Amino acid sequence: MVTDLQLHINDFLAYLKLERGQSANTISSYRHDLKEFVSRLNVSSISDISPAHASDFIAYLGKAGRKPTTIARKLSCMKQFFTYLQARKVVAENPFQAYSAPKIMRYHPHYLSPGDIEQIINSIDLQARNGLRDRLIIELLYGCGLRISELLQIRLSDIELEAGFIRVTGKGNKQRLVPLGQFAKQAIEQYLNQSPGKRVSVNCNLLLHNKNGGAMSRVGLWKAIKKITARAGITKPVTPHTFRHSFATHLLEGGADLRVVQEMLGHADISTTQIYTSIDREYIV
């Protein structure tokens, strides 16, 4: 075993916690995956770890009967670790860089392309009666990857515009903080700046509401999505959840870490997030 490797692993895990703000569960998973990799090494220096060691580790996982989702998760961990070491000039190359996650496709959810998303947003008339509300819905479903139930439960007190995040209550009543991008933040600000009397009633502190000032229903949100996409000329099947699928897909295509996407989506199991690691490009063009 490399004598200084554990020190670098500890530094990496501290980086994830202090600088990346990763959860205890994520850090524990990284620690377990790295420990398994290190247990199979027999080199005198960390700089001696090569693509051959990466190949041996992946082959070992396959022979051990690990599921494709498990292999993909461990590969993501290894890539992140060696990218961290590369940035600090501890190693010259990332031995796992050439390896791609195994194909994972448990079902084929509908996705929208970036062009579809832009078309939908550009088609919204902000001067129309529900224009600001409609843009807010799209920016939060797509820009934050929210579930329909999570969006409908957001209260005004859950929004921290200055800090740049919203507090979301997901499945199992678990809360998470979701960062707000520039466009989502702008959509919230403009929506909240319209007439408060028309936006909420004394009995409703929710962000979204119906025409009577009460809580917006799931059916109401589905109808709003249907109208928004129809006006944009989108012919693909679209549901509120389609925007969440698209959010995850586009993040991973852009190089985001699988575990970061897992936390943003609020997935308890990373294997759920991994359905987005294998995408039929012809399907979403």
Side-chain angles (χ1 to χ4, degrees), residues 107-159 166-171 173 176 178 180-181 183-250 264-267 275-276 283-284:
Y107 71 95
H108 207 326
H110 296 297
Y111 301 94
L112 293 169
S113 70
D116 290 332
I117 297 294
E118 184 177 6
Q119 183 176 331
I120 291 171
I121 292 175
N122 289 340
S123 71
I124 298 174
D125 180 5
L126 300 183
Q127 303 303 317
R129 180 172 175 269
N130 292 319
L132 292 176
R133 183 209 64 181
D134 289 349
R135 190 182 67 161
L136 174 72
I137 289 172
I138 301 302
E139 291 292 357
L140 291 182
L141 287 177
Y142 172 69
C144 297
L146 302 187
R147 300 180 177 94
I148 180 173
S149 58
E150 293 170 346
L151 175 57
L152 292 172
Q153 291 178 48
I154 292 178
R155 298 184 175 276
L156 300 181
S157 57
D158 294 326
I159 303 169
I166 52 176
R167 190 175 298 101
V168 176
T169 302
K171 291 184 177 180
N173 208 34
R176 69 184 189 277
V178 177
L180 290 170
F183 296 115
K185 185 176 180 180
Q186 182 184 63
I188 292 176
E189 289 176 332
Q190 293 185 345
Y191 173 77
L192 293 179
N193 284 336
Q194 63 183 324
S195 174
K198 294 181 179 180
R199 182 167 48 79
V200 295
S201 71
V202 293
N203 297 319
C204 182
N205 190 38
L206 294 170
L207 177 65
L208 289 176
H209 62 94
N210 58 31
K211 63 181 180 180
N212 297 318
M216 190 176 195
S217 67
R218 294 177 66 93
V219 173
L221 184 54
W222 273 70
K223 288 182 178 179
I225 291 294
K226 186 174 182 179
K227 290 180 180 179
I228 294 169
T229 54
R231 285 197 299 263
I234 301 298
T235 57
K236 298 176 183 178
V238 177
T239 70
H241 217 66
T242 303
F243 293 95
R244 178 173 162 88
H245 292 320
S246 304
F247 165 81
T249 299
H250 298 165
M264 293 183 71
L265 291 173
H267 286 158
I275 62 172
Y276 304 107
Y283 181 83
I284 65 175

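Being a predicted model, the structure only gives us computed values, none of them experimental. Worth knowing before you read on, the calculation uses all heavy atoms, side chains too, and leaves out hydrogens, waters and symmetry mates.
- Ring orientation note: the planes of Y142 and H250 are nearly perpendicular, at an angle over 60° on the 30°/60° scale.
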Could you give the side-chain donor-acceptor pairs of residues 126-140 under 3.5 Å, partners two or more places apart or in another chain?
unit_1 : atom_1 : unit_2 : atom_2 : d
D134   : OD2    : R231   : NH2    : 3.0
R135   : NH2    : Q190   : OE1    : 2.5

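- At a threshold of 4.5 Å between non-hydrogen side-chain atoms, the residues S149 and R218 count as touching.
- Contact of the L208 side chain with the I154 side chain is not registered, since no non-hydrogen atoms from C-beta on lie closer than 4.5 Å.
- Annotation: the span from S246 atom OG to H241 atom NE2 amounts to 10.5 Å, rounded to 0.5 Å.
- Between the CG atom of D158 and the CG atom of L207 there is a distance of 9.0 Å, given to the nearest 0.5 Å.
- The CD1 atom of I188 lies 11.0 Å from the CD atom of Q186; values are rounded to the nearest 0.5 Å.
- Residues F243 and V238 are in side-chain contact: their nearest non-hydrogen atoms beyond the backbone lie under 4.5 Å apart.
- Looking only at side-chain heavy atoms (C-beta outward), L156 and L192 come within less than 4.5 Å of each other.
- Within the 4.5 Å cutoff, no side-chain heavy atoms of T229 are placed close to those of T242.
- Side-chain contact check for I166 versus L180: some heavy-atom pair is nearer than 4.5 Å.
- Identified under the ring pair (Phe, Tyr, Trp, His ring centres under 6.0 Å) test for residues 210-233, with sequence neighbours left out: none.
- Contact record, L146 with R176: CD2-NH2, 4.2 Å, taken as the closest heavy-atom pair.
- Under the 4.5 Å side-chain criterion, counting only non-hydrogen atoms from C-beta, I225 is not in contact with T239.
- Scanning for side chain to side chain contact (heavy atoms under 4.5 Å, CB included) contacts around S217 gives V219, with sequence neighbours left out.
- Closest of all the heavy-atom pairs between N210 and A215 is ND2-O, 3.3 Å.
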